[in-house]
Protein chains: 4
Amino acid sequence: MTAIKNEGRDGRRQRRIARRRQEILAAAARVFAAKGYANSTTREIANEADVAEGTLYNYFGNKREMLLAMAEQTETPLETAIMAVSRQDDRAAVIELFEAAFDFSETQIPFLRALLSEAWVDDELLELFLSTRLAHIEEQLRNYVSERISAGAFRVFDPILGARAVMGMYFGLMLPVIRGVAPLPSIEERRTLAETLADILLDGVRAREEN
Amino acid sequence: MTAIKNEGRDGRRQRRIARRRQEILAAAARVFAAKGYANSTTREIANEADVAEGTLYNYFGNKREMLLAMAEQTETPLETAIMAVSRQDDRAAVIELFEAAFDFSETQIPFLRALLSEAWVDDELLELFLSTRLAHIEEQLRNYVSERISAGAFRVFDPILGARAVMGMYFGLMLPVIRGVAPLPSIEERRTLAETLADILLDGVRAREEN
Amino acid sequence: MTAIKNEGRDGRRQRRIARRRQEILAAAARVFAAKGYANSTTREIANEADVAEGTLYNYFGNKREMLLAMAEQTETPLETAIMAVSRQDDRAAVIELFEAAFDFSETQIPFLRALLSEAWVDDELLELFLSTRLAHIEEQLRNYVSERISAGAFRVFDPILGARAVMGMYFGLMLPVIRGVAPLPSIEERRTLAETLADILLDGVRAREEN
Amino acid sequence: MTAIKNEGRDGRRQRRIARRRQEILAAAARVFAAKGYANSTTREIANEADVAEGTLYNYFGNKREMLLAMAEQTETPLETAIMAVSRQDDRAAVIELFEAAFDFSETQIPFLRALLSEAWVDDELLELFLSTRLAHIEEQLRNYVSERISAGAFRVFDPILGARAVMGMYFGLMLPVIRGVAPLPSIEERRTLAETLADILLDGVRAREEN
DNA sequence: AATGAATGAGATTTCATTCAT
DNA sequence: CATGAATGAAATCTCATTCAT
């Protein structure tokens, strides 16, 4: 019985610790996002998280570990989206992909912004946070494209470039949002966005000649 | 005669100073590119430029001024490319644009990498280096798209998204190169790249139905 | 009870912090006094205060703030003396004034020396530390002199110059002490000093003609 | 003949060098006076003197030598005055002394201000510039006072304190002028000043009792 | 666990002095 | 002699991390 009670108490304690860790991480993300990792001080993070500086070190070994913890727990929205895409006709699938990829929340932005910032400069973080994920995304897209080409549904072209084109279209719209210079699109805007991009991607911008 | 001699001497001196300034700036760009502005020390810059630390301050008021000097003198390749594009048929024009936009040199990369890195975090730099330029590029593209839609050559769609799609395709390929995780494409690769992107953009990836 | 305990702890903490601040300030005063503000390094101050350099900045925002903190808390002895002088017959009052004005301690000297040093060169400090105080002292003296002239007790002469003469006599004796080239007078010496100065001031050096 | 010509040329050269040295010294005095020795940079001195930084070192071994050169060539006005005082009746002599002591020019002020500033902090300079001179002045005054006491013209009192009182009265008026917070008195003001001080010194401020 | 004062390594910047031209 | 760019030692200040409470 004591054991059970302890389990209950320990469980609560574990959860409290985990929650506090998350709060600190979110605070750190906000600070990193605003000023960049290197320009952020542990004092600012502590203030933002409303704890003492020393407390940070009860949850993370050092400042960098906060960044790595973020990298591990933050998913890129495109990654999430691509896993979930259902197989339908091409247009519906692509629209679904783009639409889902734009579905990320206000609270995710600081994490993404902080991580992208550092990944631009820090090879280890690039690897940990981005490279493998992007490689995975690119592979999925490449496979899809290859398969559609084989099926005769797509023209014959380099599937790698095709995958990159899709990703580029997406990042071109997402980066300003994450950087904070463009607003997060609303649900309706996301739909329109996705449709337009899908049409451009699938059929191009050029008018079809009637015949 | 003395005047002439002095002019010659002063001219040489002016050039020597300008050259040294450029050397320091290039060294700073390499260091900033490798580690990010905030993680770079003036000591490293001085070492890289092979001068004493104090010497840096004979050419720049402070570390940040180096960054700003870079921002002022560095052009984004897409910007340069878009100014030079000649008006031909659409496919030729788009290919020419992409191809030119990829024509940047090994020495430009550190500057671009350093500036993009900081612009991600530093609003003043974003404004100074990127925002106005990108706005200009986007405007050019938008106008082009609008005009082609009016002419009936392009389908009807949001010209802003069209411009963004072009820029996204481009940045999706360029950013890894600037980040240093993809190689600078050779001239031949640039050609192929440009053709494929142009075709995807103009006609889409979907196979045309024969009729 | 916890609240009370906390109050006790916080109070102790507050006092410890205040005490440490004072220690640092005294150390800084000694260093500034010995070498002048501009020639003193934070390293020397830290050594003198027996703390790490960084610790200084937990108590003062920067080196200059130490100086300003000194200026705010240090009184000029003449100022203190003039507030305390009791109204008696003129000779007793003047003696009391001079005697009290020389009553400053060994520990005050570094503060005075440091502040006078910088005030000679730094307009802000001159204003903050000296000007207003001296103006106040001068006003008090001027009023006293004017009143005694009106009462027919003093000859008719410019009260401003009278006030200045008193201050000059005082500073002429005090400055070498603060500068460290004359010893701090003992209590007995102070008495003799004050009497002689008072007699010179009141009756002059010239022998009275008997009649 | 060549020798003679050389002498003429050398003489001119010597004078030119001496003149330039003086110009630099005056420039340095102005800069030191404005910001204090330690806060003045050789660059500012060079600018003020309208020469290159390197040129300074053709005339002075280092920055400090400029200060020492100033100390050697600058006389304290009181010193000059005391040497020139003619022996007349006491009142005339004292008036003459004070009046002459206030006769210093606008160009002397920077030198005095610079030197007093540093002498407050720098023992070597104190010795070189002030101590010996003040000791000399004090001795002259002391002797004068002693002699007048012996002659029965002055009351009996400590001649040292008498000398100090005179010097104090003088410095109390002069220091604000040198510091730059009081204007240099005009010739007429000097006369009135000297008379008032002389009367206070000789006969005191107290009204004589009629009898 | 939480706290926050103390630490000291390291960063940026200044500036007296040198020396090649 | 004049010049002024180069130098590098030294100064101020910041901040991640530690540790006694």
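Numbers restart at 1 for each chain; the letters A, B, ... are given by sequence-line order, proteins then strands. Just the heavy atoms: all of them, side chains too, but no hydrogens, waters or symmetry mates, feed the values below.
- Residue B:R13 has a polar side-chain atom (N or O) positioned under 4.0 Å from OP1 or OP2 of F:dA5.
- Distances from the side chain of A:T42 to the nucleotides F:dT17, F:dA6, E:dT17 place F:dT17 closest.
- A heavy-atom distance below 4.5 Å is not found between the side chains of D:L67 and D:F60.
- Remark: P of E:dT14 and CG of D:N39 are 14 Å apart, rounded to the nearest angstrom.
- Considering CZ of C:R21 and OH of C:Y59, their distance stands at 10.0 Å, rounded to 0.5 Å.
- Rounded to whole Å, the distance from CD1 on A:I45 to P on E:dA2 is 16 Å.
- Salt-bridge annotation for A:D123 and B:K35: absent, with no side-chain N of the basic residue lying under 4.0 Å from a carboxylate O of the acidic one.
- Using a 4.5 Å cut-off on side-chain heavy atoms (C-beta onward), B:L25 and B:Q73 make contact.
- Per the geometry, CG belonging to D:D50 stands 16 Å off C1' belonging to F:dC1, to the nearest Å.
- At whole-Å resolution of the value, CG in A:N62 and C1' in F:dT18 are 13 Å apart.
- For the pair C:E44 CD and F:dC13 C1', the interatomic distance rounds to 17 Å; values are reported in whole Å.
- Using modelled atom types, one side-chain atom of A:K63 and one backbone atom of A:Y37 make a donor-acceptor pair closer than 3.5 Å.
- Per the geometry, CD belonging to D:E53 stands 13 Å off P belonging to E:dT18, to the nearest Å.
- Residue contacts shown for D:R20 are limited to sugar-phosphate atoms, with no base heavy atom under 4.0 Å away.
- Counting to the nearest Å, the P atom of E:dA1 and the CD atom of A:E23 are 15 Å from each other.
- No engagement by D:L56 is indicated, since no non-hydrogen atom pair under 4.0 Å with the nucleic acid exists.
- Nucleic acid contact class of A:F60 (heavy atoms, under 4.0 Å, all strands): none.
- Where B:A52 and C:Y57 meet DNA chain F, the nucleotide closest to each residue was compared, and B:A52 sits on the side nearer the 5' end.
- Interface remark: the B:N58 side chain does not form any donor-acceptor pair with the F:dA5 base, using a distance-only criterion of under 3.5 Å.
- A:R16 comes within contact range of no nucleotide atom at all, as no heavy-atom separation falls under 4.0 Å.
- Across all strands shown, C:T55 has heavy atoms under 4.0 Å from base atoms, whether or not it also approaches the sugar-phosphate.
- Atom pair D:K35:NZ and E:dA16:C1' shows a separation of 15 Å (rounding to whole Å applied).
- Across every strand in view, E:dT21 sits in a pair with F:dA2 that passes the Watson-Crick or G-U test at under 3.5 angstrom.
- Comparing A:K63 and D:I17 against DNA chain F, the residue whose closest nucleotide sits nearer the 5' end is D:I17.
- In a base pair of the Watson-Crick type (N1 to N3 plus N6-O4 or O6-N4) or a G-U wobble (N1-O2 and O6-N3), with each distance short of 3.5 Å, F:dT7 is matched with E:dA16.
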